[in-house]
J.: 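Next up is a structure, given as structure tokens.
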Protein chains: 2
Amino acid sequence: MPAEATTAIASPAIASLGKVDRETMSGRVYRDLRNLIMAGQVCPGERLSIRTVAGALGTSMMPVRDAIARLAAEQALEVLPNRTVRVPILTRRRFQELRTIRLMLEGHATAVAAERVTPPALDEIRALHAAFTAEHAHAEPDAGRLIAINKDFHFRIYEAAEMPALMQIIEGLWLQIGPVLNFDLRSKSRRLSDRVALRYHQGMLDGLEARDGAAARAALAGDITTAGDFILACDALLDE
Amino acid sequence: MPAEATTAIASPAIASLGKVDRETMSGRVYRDLRNLIMAGQVCPGERLSIRTVAGALGTSMMPVRDAIARLAAEQALEVLPNRTVRVPILTRRRFQELRTIRLMLEGHATAVAAERVTPPALDEIRALHAAFTAEHAHAEPDAGRLIAINKDFHFRIYEAAEMPALMQIIEGLWLQIGPVLNFDLRSKSRRLSDRVALRYHQGMLDGLEARDGAAARAALAGDITTAGDFILACDALLDE
DNA sequence: TCCCTGCAACTGTGATCACATATCGCAGCG
DNA sequence: CGCTGCGATATGTGATCACAGTTGCAGGGA
């Protein structure tokens, strides 16, 4: 029998074996849908049918059922009284509530990150900021890429706070807000606030480098607040 | 055909029809497990087998699979690399992190509640505090009931803040902390901190009545902090 | 006494099926 | 022209089955 089962034989050949798809299909569907939602690539109100998604992914209904159940538990999807499931439509009130929570939680994560961030982490954050800036410099910036880099920039900072439970909650918040980014994504006028986004990001970076938690937090607050104002002005939200 | 399907016929008889079990078995299993966990009636590290739970509940595996998937998404349960699922075992570090987050979130909810609480809500909160006090007066207080009343007291306050998204997050936090209440529950020495718990609850109530958000928040902070210290002293937690 | 081996029971995963219900479209009547 | 009623389609839910992987334990060898 090959060495895997035995205790101490370490052949160099083993390391090159690679891992055999240790991921369940449920997990994969879940992750894919999650990324889709967080990247703002699904429309608020859009309906998901288990069979349709399963067909599109070439699997049976089971993994999709599972993934949707998990996303619904995180409020990333919504099950209507009809028991059909759709991408939630945020009310203005709820959006503002989420923004308030984000200011607290992401503000705290940023402040803590300013204390704990390591030089290599700072380098990564700098690189992401540079990439964000570069993408803005393009004549025709790719909105999808912009959103992705922005997300990486924020979460790389939160990760530096070394508070995994906090980060999971923050991810949940982005997951709920994700779909409205869709509208933002399609509106080309977003450039208006983009310049200020760059400035706030720079402020966060400066705060981290100076280990000034309050400054970094203040810059983040500006970022979140102005971005939120932009969405609110778009009225992609339910009035309620 | 009875009136239900038609538009405008409002017979008094209809109202008495009652609703026919409009709840899925998945939903029921989910809710039951959730309550069990939040009430601290499952042990950290305890393993759950889908078939076993299904057998105990007299259903097939399906609803249990569904419920467990949802709870796992909320970190209320944990899927091991083996793909078996168990009640998570908190590390000290994670427990302290959760406490920090609770101080922020529940503190904010309490402060906002102080501004928005209505007289009838205040009455309910007073009643719950009275019940909590009364249960303490018993010679042999029922720990389970104590935990339940405490939870109702806190969440009735948070509900008064009228921030549903915030409340869902807080529920998620209680869900993660629930299992360690189990140890607390079994240790009879808990009386030590109970007196102080009563005092802090009184302080929260006073703050709400005076519409003094800062005072209510400070009292809540004392409650959470001292309760957390008690758990940490029990070392029911993983050292990491 | 300890460690290894091999078999049996058990577990989660994915697929498929049956069923009750909801939704949509169309015909028929007012 | 608009509303009502009915049939066809599609949807979520729950049950059952097959399978692969893991775990646990007993037996045999050193």
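These figures come from a predicted structure and were not determined experimentally. Below, chain A is the first sequence line, B the second, and so on; all start at residue 1.
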J.: Side-chain N or O of Asn82(B) less than 4.0 angstrom from OP1 or OP2 on dT23(D)?
T.: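 Asn82(B) to dT23(D) OP1/OP2: side-chain N or O found under 4.0 Å.
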J.: Please evaluate the base of dG14(D) for a donor-acceptor partner in the side chain of Arg65(B) within a cut-off of under 3.5 Å?
T.: no
J.: Just call it for Ile68(A): base, sugar-phosphate, or nothing, with non-hydrogen atoms closer than 4.0 Å on any strand.
T.: nothing
J.: For a quick test of reading the model: is some side-chain N or O of Ser49(A) closer than 4.0 Å to OP1 or OP2 of dT11(D)?
T.: yes
J.: Specify whether Tyr158(B) and Phe155(B) have parallel, tilted or perpendicular ring planes, treating 30° as the upper limit for parallel and 60° as the lower limit for perpendicular.
T.: perpendicular
J.: Using only modelled atom types and a 3.5 angstrom limit, is any donor from either the side chain of Arg51(A) or the base of dG12(D) paired with an acceptor on the other?
T.: yes
J.: Should Thr52(A) be listed as having a side-chain N or O under 4.0 Å from OP1 or OP2 of dT11(D)?
T.: yes
J.: Would you compute the distance between atom CG of Leu77(A) and atom CG of Leu175(A) and round it to the nearest 0.5 angstrom?
T.: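 Rounded to the nearest 0.5 Å, the CG-CG separation comes to 8.0 Å.
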J.: OP1 or OP2 of dG14(D) sitting under 4.0 Å from any side-chain N/O of Thr59(B)?
T.: no
J.: Answer yes when Asp223(B) and Arg102(B) have at least one side-chain N-carboxylate O distance shorter than 4.0 Å, and no when they do not.
T.: no
J.: Nearest-Å distance, CE (Met61(A)) to P (dG12(D))?
T.: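 To the nearest whole Å, that distance equals 7 Å.
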J.: Rounded to whole Å, how long is the line connecting atom CE of Met62(B) with atom C1' of dG14(D)?
T.: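 It is 7 Å, rounded to the nearest whole Å.
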J.: If we check salt bridge (charged side-chain N to carboxylate O under 4.0 Å, His left out) with Glu78(A), which of these qualifies: Arg47(A), Arg86(A), Arg83(A)?
T.: Arg86(A)
J.: With a 4.0 Å limit, can you tell me whether Thr24(B) has a side-chain N or O closer than that to the phosphate oxygens OP1/OP2 of dG12(D)?
T.: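 For Thr24(B), the contact criterion (side-chain N or O under 4.0 Å from OP1 or OP2 of dG12(D)) is not met.
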J.: Whole-Å distance between dG14(D) C1' and Ile50(A) CD1?
T.: 12 Å
J.: Let me know, please, whether Thr84(A) or Ser60(B) comes out on the 5' side of the other along DNA chain D by nearest nucleotide.
T.: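 Checking each residue's closest nucleotide, the 5'-ward one belongs to Thr84(A).
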J.: Whole angstrom is fine here: how far is it from CZ in Arg47(B) over to C1' in dG12(C)?
T.: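 Spelled out: CZ on Arg47(B) to C1' on dG12(C) is 14 Å.
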J.: Whole-Å distance between dG12(D) C1' and Asp66(A) CG?
T.: 15 Å
J.: In whole angstrom, what separates Arg28(B)'s CZ from dG14(D)'s P?
T.: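 From Arg28(B) CZ to dG14(D) P: 12 Å.
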J.: Rounded to the nearest angstrom, tell me the gap between atom CG in Leu77(A) and atom C1' in dG12(D).
T.: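 These atoms are roughly 15 Å apart.
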J.: Mind calculating the distance between CZ (Arg83(B)) and C1' (dG14(C)) to the nearest angstrom?
T.: 11 Å
J.: So what does Met25(A) hit on the nucleic acid, given a heavy-atom distance under 4.0 Å: a base, only sugar-phosphate, or nothing?
T.: sugar-phosphate
J.: Whether Arg34(A) and Glu171(A) form a salt bridge (side-chain N of Lys/Arg under 4.0 Å from carboxylate O of Asp/Glu) is what I want to check.
T.: yes
J.: Hey, does Leu80(B) reach any base, or is it just sugar-phosphate, or nothing, if we go heavy atoms under 4.0 Å?
T.: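 Leu80(B): no heavy atom of the nucleic acid under 4.0 Å.
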